[in-house]
Amino acid sequence: MRIGHGYDVHVLTPGRRLVLCGVEIPCELGLLGHSDADAATHALMDALLGAAGLGDIGKLFPDSDETYRDISSLKLLDRVMDLLHDAMLQVGNADITIVAQKPRLSEYTQSMRQCLAQHLEVGPERVNVKATTEEGLGQVSTLGIAAHAVVLLEER
Ligand code: MG
């Protein structure tokens, strides 16, 4: 078995969509970034790459590359899964924590896990998504949204 951890953060700003774990959330603010800025999927991809010993998304999908402008992070996740296939690895489980002061995300976590499970090629019971605030104490979670991910990979 291989374990990996990923972390990401993006700034909240007006005029952008808010997409987390591939699910669009109605909000007056969205996340700023080169792709769709889905911080949770980015953390997940870094955890997968970390567990596989394959580097990180910044190297694989550089933000200097116009190909990735506004791209859905789910498409990038599918590319990461291709790399895992090549390395004869499969997902055991994934656990994601989204840290956000706003908006409230609890009503979306079930659709998030369904969405990610499809792309990770596992049942939704192997993907957990939870959301927490920092009780107003975190500068990051007040100005943006952060996400942690831990994954376990298994050899095929
Ligand atoms: Mg990112």
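Order of appearance sets the numbers: ligands from 1, and atoms from 1 within every ligand. Just the heavy atoms: all of them, side chains too, but no hydrogens, waters or symmetry mates, feed the values below. For clarity, every value in this text was computed on a predicted model and none was experimentally measured.
Using a 4.5 Å heavy-atom cutoff, the side chains of Val129 and Ile98 are in contact. For the pair Ile3 and Val150, the minimum side-chain heavy-atom distance is below 4.5 Å. Thr133 has its side chain within reach of Arg104: a pair of non-hydrogen atoms, C-beta onward, lies under 4.5 Å apart.
Put simply, Leu44 and Leu54 are part of the same group of oily side chains (I, L, V, M, F, W, Y) that touch within less than 4.5 Å, one to the next.
Residue Asp8 approaches the Mg ion (ligand 1) most closely through its N/O/S atom OD2. Closest to the Mg ion (ligand 1) among the N, O or S atoms of His10 is NE2. Residue-level check: among N/O/S atoms of His42, ND1 sits closest to the Mg ion (ligand 1).
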